[in-house]
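Down below is the structure, laid out as structure tokens.
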2 protein chains.
Amino acid sequence: MNVTGHTRRPASIRDVATAAGVSYQTVSRVINGHPSVRPTTRERVLAAIDELGFRRSATALALASGRSRAVTVLTANTTHYGYASILQGIEEAARAESYAVGIGVLESADEAAVAAEVRRAAGAGGGLIVIAYDPAGVKALGAVPAELPVVGVVETPASTPDPGRPWVWTDDREAAYQATRHLLSLGHETVHYVAIPSSTRRTSARTSGWRQALREAGAPEPRPVQGSWGPAEGHAAGHELARDPAVSAILCGNDDLALGVLRALHEAGRSVPGEVSVAGFDDAPHSAYLTPSLTTVRLDFTGLGRAAFALLHGVLEEAARIAPHPVSVPELVVRESSGPPPATT
Amino acid sequence: MNVTGHTRRPASIRDVATAAGVSYQTVSRVINGHPSVRPTTRERVLAAIDELGFRRSATALALASGRSRAVTVLTANTTHYGYASILQGIEEAARAESYAVGIGVLESADEAAVAAEVRRAAGAGGGLIVIAYDPAGVKALGAVPAELPVVGVVETPASTPDPGRPWVWTDDREAAYQATRHLLSLGHETVHYVAIPSSTRRTSARTSGWRQALREAGAPEPRPVQGSWGPAEGHAAGHELARDPAVSAILCGNDDLALGVLRALHEAGRSVPGEVSVAGFDDAPHSAYLTPSLTTVRLDFTGLGRAAFALLHGVLEEAARIAPHPVSVPELVVRESSGPPPATT
DNA sequence: GGTCCCCATGTGACCGGTCACAATCCTGGC
DNA sequence: GCCAGGATTGTGACCGGTCACATGGGGACC
């Protein structure tokens, strides 16, 4: 058949129509599964579609119908475990509904840069999902024009949830609370905390869960050490904490920080969990294989991504509207890095 | 000013035209920076654009002009470090050229599922980048219709490179060669290898680089242990190797496998690097903080992603055409996990 | 046999841009 | 004062679909 070398224009519904001897509208009906098309006609059209290798242009569809069946995910990072997993969850859910998924990386938290990126994403049409775990993400979420359908993946829900722009989140407070109680229950006098940066000026959910557990137990409240996201910062924080012989339990804002802390303790010659217990957050894939393996709190990021998409889907299509949102339940995973404090002589 | 509650249709160039008292074509000229527009006119149009909050619809642009300025990345995974970094590199380069980036995950390597995913991606318009490090990716690359612009990120270039569908790759053979030579130079009799799955039936580049180094050194060639991608498989492979007292050096197909191997050796009571040396591949962010920190070969995945985009850009726009492709140079990073073999008594 | 309706199909306009070409304006040269 | 010709601007068609409505062809029913 058509094996001309040069790239030819892909077949349109009018080409198919001509080939099948019907009008373009009939072809449109066939692709959309409209009931009132005579079976013989449908057959002919399908044959023509097959022969010409016709594929409906998503672009034209979006333009003509308004519904674009696309989501753009705005995120500051694609390589960190948590972010990547959320993205994976979104993609999974989107694919099931045959939505296209776009990504935009917020490389800087600079006001203008963020605004530009939001504009780009908005131009793509369709809905938006903003991962607002960090300053760049939070700014982006704030910069989304009011008329755009958007769902935020946030650290903590603000006091006033807007029905038109829903949010999803995990119960970080509860997670930190559980982890801290676990460490306290092992007999530690108190638990130190290496924090991830808070996305907002307010105290992060993780910090407040940690603090609540300490208060309930009447334990002293040491000042949280401000970390960042990666192992390097955890390493620095760990060195600082290793100098204080009173420190016997450390909770870290994520598993990467915990990794750095473990390394620093090792370098300082303090054994884990013999002298110091360490717990992380997220249950990244490698955490189970560290030596010592890491006690951590597992969060369902993939599920979070799926939920975010489901909500957005509800905003975009009335029919798919769902309840404001199910919070996933964090799960404490106890491994080797936590144990009773050293016996005081 | 328009603060009517209901979502109103975004402004089109004709709305802007009316507001500015010019024709829609003039507006089009202004957005595209066409030279022959009188400054005063341009001014008026720009004012109208600003006032109406006009944003040019990417959809309409793509439909009317044919050029879609979009890339879709097909990949089997978004969470693994290598994949995620490539994606990040692609996004970075694409953003610089103001291209939109879409992703499609190949969840199964099943022929039909892969074909469906390719079709979806093709429907999005624009170019394709396929990460073909695994069976699903390889199948996807093969399933891309001939008329679609596509760039493959592959493990090893095949014998016959097609000028119309370029590839990028890292020099995995060289990387494995370097790592193996490093271990041999420390005095190990030979080096065992825990392999990542090969994307094709042929021997992988990493395997052949490893083998070449052994041959050149006249070292015995043990059978590679077939691993997979994650730490769990590395763990299993590590247990197996730990049973053989002759094993004193292990090269792993990636850092995740190496992590599992380290853990298995620890469990078996064999010290690293005292009794056994271990080296990985990729230099994942956590590898430097493991205990012992991991000797590995750093590969520039982000750069690979950028190169992939650059090539695709060249295919899509004549003007941006570039040379077939620069291979990034792998870099050996020696850390604690490798050292001389134990002294034989 | 005529009317009413539903089924199957076709026609024209439109979505928001671009492209090719026509029309108008302005300026310089003679 | 008139005409050529570049600078500006406008008009109509088109990209590949959808939507709203019009049209023709059978039964079913009276």
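Within every chain, numbering begins at 1; the chains are lettered A, B, ... in the order of the sequence lines, protein sequences first and strands thereafter. Fair warning: this is a prediction, and the values are worked out from it, not measured in the lab.
- Taking CG of A:Leu87 as the reference point, atom OG1 of A:Thr79 lies at 11.5 Å (rounded to 0.5 Å).
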Should B:Asp134 and B:Tyr83 be marked as a side-chain hydrogen bond (donor to acceptor under 3.5 Å, both in side chains) after you check the CA-CA gap, both sets of side-chain angles, and the distance that decides it? CA-CA 11 Å; B:Asp134 43 64; B:Tyr83 290 88; 2.4 Å; yes

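- Close to D:dA7, at under 4.0 Å from its OP1 or OP2, lies no side-chain N or O of B:Ser36.
- In summary, contact between chain A and DNA chain C, defined as any nucleotide atom under 4.0 Å from a heavy atom of the protein, begins and ends at C:dA8 to C:dG16 in the 5' to 3' direction.
- Side chains of B:Gln88 and B:Thr302: a donor-acceptor N/O pair is absent below 3.5 angstrom, by distance only.
- Across all strands shown, A:Leu61 has heavy atoms under 4.0 Å from sugar-phosphate atoms exclusively, and none from any base.
- Nucleic acid contact for A:Arg56: sugar-phosphate only, since backbone atoms but no base atoms lie under 4.0 Å from a heavy atom of the residue.
- Considering OG1 of A:Thr75 and CD of A:Glu117, their distance stands at 11.0 Å, rounded to 0.5 Å.
- Between the P atom of D:dA7 and the CZ atom of B:Arg42 lies a distance of 14 Å, rounded to the nearest Å.
- Residue order along DNA chain D, read from the 5' end via each residue's closest nucleotide, puts B:Val22 first among A:Arg14 and B:Val22.
- Residue contacts shown for B:Leu63 include a base, since a base heavy atom lies under 4.0 Å away.
- Across the interface with DNA chain C, nearest-nucleotide mapping of B:Ala60 and B:Gln25 shows B:Ala60 to be the residue nearer the 5′ end.
- At the heavy-atom level, B:Thr41 lies under 4.0 Å from the strands shown only through sugar-phosphate atoms.
- Salt-bridge formation is not detected for the pair B:Asp110/B:Lys139: no Lys NZ or Arg NE/NH1/NH2 atom is positioned less than 4.0 Å from an Asp or Glu carboxylate oxygen.
- When the local axes at the two ends of the helix from C:dG1-D:dC30 to C:dC30-D:dG1 are compared, using 5 base pairs at each end, they differ in direction by 50° after rounding to 10°.
- Ion pairing of B:Glu147 with A:Arg55 is present here, as a side-chain N (NZ or NE/NH1/NH2) and a carboxylate O approach within less than 4.0 Å.
- For residues 91-110 of chain B, every residue pair satisfying the ring-ring contact (aromatic ring centres under 6.0 Å, His included) rule, not counting sequence neighbours, is listed here: B:Tyr99-B:Phe309, B:Tyr99-B:His313.
- Using a cutoff of 4.0 Å between basic side-chain nitrogens and carboxylate oxygens, B:Arg95 and A:Glu107 are scored as salt-bridged.
- Distance check, rounded to the nearest 0.5 Å: CG of B:Leu61 to CG of A:Leu63 gives 11.0 Å.
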